[in-house]
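To start, the structure under review is shown below, and the notes come after it.
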Amino acid sequence: MPEIIRVMLVDDHAIVREGISLILETDPGIEVVGEASDGREALTMITEVEPDVMLLDLRMPGMDGLTTIEELQKEESEVAVVILTTYNEDDLMLKGLRAGARGFLLKDVDRETLLRTIRAAAGGETLLSPEVLNRALAKSGGRTDGSGEVGSLTERELSVLRAVAAGDRNKEIAVKLHISERTVKAHLTNIFHKLEVDSRAGAVAVAGRLEII
């Protein structure tokens with residue numbers, strides 16, 4: 001994780017950007033380096049401001065949030081995206097997470113959760129609250145696009161997957177299982193590959209379908 005986390009705010013409402021910026025300024029470890037009113041403007045600014053994390057609204061005139069995430073994926077950008085939206089809609093949440101977002105928050109989120117999610121994203125983690133995980137699982141009906149089988153997972157990988165389903169972050173999983181964070185990340189990579197998913201939400205959906213959580 002970088003010493004100072006550089007954040008870009010992307011929202012079509014200036015007053016929202018201003019409010020979030022004021023909150024983030026209270027944390028000395030976070031710096032707001034840029035603001036944009038839509039995805040296209042954000043994409044043109046990335047090279048100049050070099051953010052670590054992008055707080056991104058989904059519904060904006062011009063280029064919307066989902067399209068922005070897809071463009072970042074095409075460009076193989078290392079910017080970690082956290083969706084910050086007014087709309088408490090499961091379809092939007094799932095689409096954003098499947099597109100590669102590292103978090104999903106509503107704009108009425110409390111300060112500590114916002115800061116914790118930003119730090120997790122900057123550290124390469126996908127931090128989803130148990131509520132979001134449960135909603136993702138309920139929405140998928142226990143199904144996922146992945147067709148892998150749980151039988152291919154090792155006991156250690158199963159332990160990691162159960163911890164993810166409980167909402168634990170990589171650091172917490174490492175402490176709980178007495179392994180390094182790097183090892184946790186390696187296990188997650190193997191889990192995603194074996195279950196043919198590309199996100200923690202997808203892995204949890206598989207876990208629910210196969211009744212291991």
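Rounded to the nearest 0.5 Å, atoms CG (Asp168) and CG (Asn170) are 10.0 Å apart. Separation of atoms CD1 (Ile179) and CD1 (Ile173) is listed at 8.0 Å; rounding is to 0.5 Å. Taken to the nearest 0.5 Å, the OG1 atom of Thr68 stands 7.0 Å off from the CE atom of Met54. Atom CG of Leu55 and atom CG of Asp11 lie 10.0 Å apart (nearest 0.5 Å). With rounding to the nearest 0.5 Å, the separation of CD in Glu31 from OG in Ser21 is 10.0 Å. Taken to the nearest 0.5 Å, the CD1 atom of Ile118 stands 4.5 Å off from the CD1 atom of Ile30.
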After noting the C-alpha distance and the side-chain angles of Val7 and Ile20, does the key distance pass the side chain to side chain contact (heavy atoms under 4.5 Å, CB included) rule? CA-CA 11 Å; Val7 176; Ile20 296 171; over 6 Å; no
Where do Met63 and Leu43 land on the side chain to side chain contact (heavy atoms under 4.5 Å, CB included) test, with the steps shown first? CA-CA 10 Å; Met63 182 180 288; Leu43 292 175; 3.6 Å; yes
Given Arg111 and Thr26, is the side-chain hydrogen bond (donor to acceptor under 3.5 Å, both in side chains) satisfied, shown in steps? CA-CA 10 Å; Arg111 174 182 178 276; Thr26 66; 2.9 Å; yes
Thr154 vs Lys194, test: side chain to side chain contact (heavy atoms under 4.5 Å, CB included). Steps then yes/no. CA-CA 10 Å; Thr154 66; Lys194 290 179 179 181; 4.1 Å; yes
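The environment of Leu22 atom CG is dense: over 12 non-hydrogen atoms of other residues, nucleotides or ligands sit within 6.0 angstrom.
Each salt bridge (Lys or Arg N to Asp or Glu O under 4.0 Å) pair with one or both residues in residues 32-56, not counting sequence neighbours, appears once here: Arg17-Glu35. Applying the salt bridge (Lys or Arg N to Asp or Glu O under 4.0 Å) test to every pair with at least one member in residues 71-80, sequence neighbours left out, gives these pairs: Glu71-Lys74.
For the pair Leu72 and Ile46, the minimum side-chain heavy-atom distance is below 4.5 Å. Under the 4.5 Å side-chain criterion, counting only non-hydrogen atoms from C-beta, Arg119 is in contact with Leu115. Residues Thr117 and Phe104 are not in side-chain contact: their nearest non-hydrogen atoms beyond the backbone lie 4.5 Å or more apart. Between Met45 and Val10, the closest side-chain pair of non-hydrogen atoms is not below 4.5 Å. Looking at Ile83 and Ile69, their side chains come closer than 4.5 Å, going by heavy atoms from C-beta outward. Looking at Leu66 and Leu58, their side chains come closer than 4.5 Å, going by heavy atoms from C-beta outward.
In terms of heavy-atom proximity, Ser180 sits nearest to Ala174 at C-CB, 3.9 Å. Residues Val53 and Val79 come closest through the heavy atom pair C-CG1, 4.1 Å. Nearest heavy-atom pair, Leu84 versus Lys107, reported as atom, atom and distance to 0.1 Å: O-CE, 3.5 Å. Closest approach of Ala121 and Ala80 over heavy atoms only: O-CB, 3.5 Å. Taking each heavy atom of Leu56 and Gly65 in turn, the nearest pair found is CD2-O, 3.4 Å.
With Arg102 contributing its side chain and Ala120 its backbone, the two residues share no donor-acceptor pair below 3.5 Å.
Annotation: side-chain contact (heavy atoms from CB on, under 4.5 Å) contacts of Asp110 (sequence neighbours excluded): Glu112, Thr113.
By the rule that hydrophobic residues join a cluster once side-chain heavy atoms approach within less than 4.5 Å of another member, Ile4 and Leu24 end up as members of separate clusters. Connection of Leu188 to Val175 is not established within any shared hydrophobic cluster, with ILVMFWY side chains joined at heavy-atom distances below 4.5 Å, either directly or through further cluster members.
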